[in-house]
Amino acid sequence: MTRRLGADQVTEAARLLRTGELVAFPTETVYGLGADARNGRAVAAVFEAKGRPHFNPLICHFPDAESAFAEVIADDRARALAAAFWPGPLTLVLPRRTECRIDLLAGAGLDTLAVRVPAHPLALALLRAAAIPVAGPSANRSGAVSPTTAEHVLEGLSGRIAAVLDGGACDVGVESTVLDLAMGGAALLRPGGVPVEAIEAVIGKVSRPLPISAAEKTRTLRSPGMMLSHYAPTLPVRLGAVEAAADEALLAFGPPLPGAGLVWQLSETGDLREAAARLFAGLRHLDAEGGRLGLIRIAAMPIPESGLGAAINDRLARAAAPRT
Ligand code: AMP
Ligand code: MG
């Protein structure tokens, strides 16, 4: 059963997060579904609880800019924006540091990471007490409206998460502004709580994507991963492999097929949460190591479509799609 924790139970909420449990928490925008961002299984459990049919990158929350910038590379613009708007509803997309501790699944396999310092006293108290980066998408089932009260969170996620930290109603109610600073320029990825004009007053021109029609928006929201330049392996990917060749690198699920030149086990026991947690690291490993060994292809064993399997298969289908 999902526990409802009061403002005096921040220490317990922090303890749950540190042990890999999911805890929803209030921010000034909406309630977030928090998990230890370093822990791939905890992050996989977030996608599972939300019922998302694909992996999209999650925002990582920190108690201050210094702890955020320990994980990502901040340039002068990022520092100026952090000084102006953090804590607050601004999310910055920045390159991961090589020593970044955030699990690859939290960033959906990307080389960039979205970071933010929320302006809510309970969120900040929780982040300080937990002293870990906390990945948190909105605390609702996929496709449902973002929750602005603990009741909303429980309506969607009761029984699926360990606890909700009840901080009453959120003030902003709209999500954070997402700004991409990772590609040199500054691009608005999502309008939100901090107006783009206020950002431009600090760092100059921000490029805005063209206005999109409502139909397109729905499609985008259904598959935000399509909008991102996801990491794609260099080696071609063959799906549904039921035998493996010596010149192939095998992405195994369950007892591995014999004969492959290299094997990465997603989950020996067929545990989808473990498989999700090991997916992006596995693709990177098979690609790099397989390339070094002169292998010509990645062969992926079949994965059931149930639960997290749908998101894993969605990602594998993209990795296998013809390159343009
Ligand atoms: P939510 O977690 O539901 O508030 O949504 C997070 C938003 O941030 C989504 O629109 C993501 O697509 C976006 N986002 C998170 N990380 C990245 C990233 N590394 N690159 C681009 N967009 C990101
Ligand atoms: Mg959301």
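Computed from heavy atoms alone, side chains included, the values below leave out hydrogens, waters and symmetry copies. Order of appearance sets the numbers: ligands from 1, and atoms from 1 within every ligand. What you see is a predicted model, and the numbers here were worked out from it, not measured in a lab.
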- Query: Under 4.0 angstrom from ligand 1, any heavy atom of Asn56?
  - Reply: no

- Message: For Arg52, state whether at least one heavy atom is located under 4.0 Å from any atom of ligand 1.
- Response: yes

- Message: Do Ile312 and Leu251 land in one hydrophobic cluster if side-chain heavy atoms of ILVMFWY residues count as linked below 4.5 Å?
- Response: yes

- Please identify which atoms of ligand 1 are closer than 4.0 Å to at least one heavy atom of Ser138. 3 (O)

- Contact region, Leu110 to ligand 1, non-hydrogen atoms below 4.0 Å, reads side chain

- Check whether any side-chain N or O of Arg284 sits under 3.5 Å from a backbone N or O of Gly109 as a donor-acceptor pair, and report yes or no. yes

- Message: Applying a strict under-4.5 Å side-chain criterion to I, L, V, M, F, W and Y, I'd like to know whether Leu235 and Val237 cluster together.
- Response: yes

- Item | N, O or S of Ser146 under 2.8 Å from the Mg ion (ligand 2) | no

- Can you list the ligand 1 atoms lying under 4.0 Å from a non-hydrogen atom of Ile59? 4 (O), 6 (C)

- Message: If we only consider heavy atoms of Asp180, is any one of them less than 4.0 Å away from an atom in ligand 1?
- Response: no

- Using the benzene-type ring in the case of Trp, are the ring centres of Phe25 and Tyr31 under 6.0 Å apart? no

- Task: List every atom of ligand 1 that sits less than 4.0 Å from any heavy atom of Thr112, numbering the atoms from 1 in the order shown and giving each element.
- Result: 18 (C), 19 (N), 20 (N)

- Message: Do Asn140 and Ser138 pair up side chain to side chain, a donor and an acceptor below 3.5 Å, judged on atom types alone?
- Response: yes

- Note on the structure: In ligand 1, the atoms that come under 4.0 Å of a heavy atom of Pro137 are 2 (O)

- Message: Counting only heavy atoms closer than 4.0 Å, does ligand 1 sit against the backbone of Leu189, its side chain, both, or neither?
- Response: side chain

- Query: Does ligand 1 have any atom sitting under 4.0 Å from a heavy atom of Gly107?
  - Reply: no

- Task: Go through the steps for Leu17 and Val134 under the test side chain to side chain contact (heavy atoms under 4.5 Å, CB included), then give the verdict.
- Result: CA-CA 8 Å; Leu17 279 177; Val134 173; 4.0 Å; yes

- May I ask you to list the atoms of ligand 1 that are less than 4.0 angstrom from any heavy atom of Arg190? 1 (P), 4 (O), 5 (O), 6 (C), 7 (C)

- Item | Side-chain ion pair, Arg160 and Glu21, N-O less than 4.0 Å | no

- Heavy-atom distance under 4.5 Å between the side chains of Leu113 and Leu94, does that happen here? no

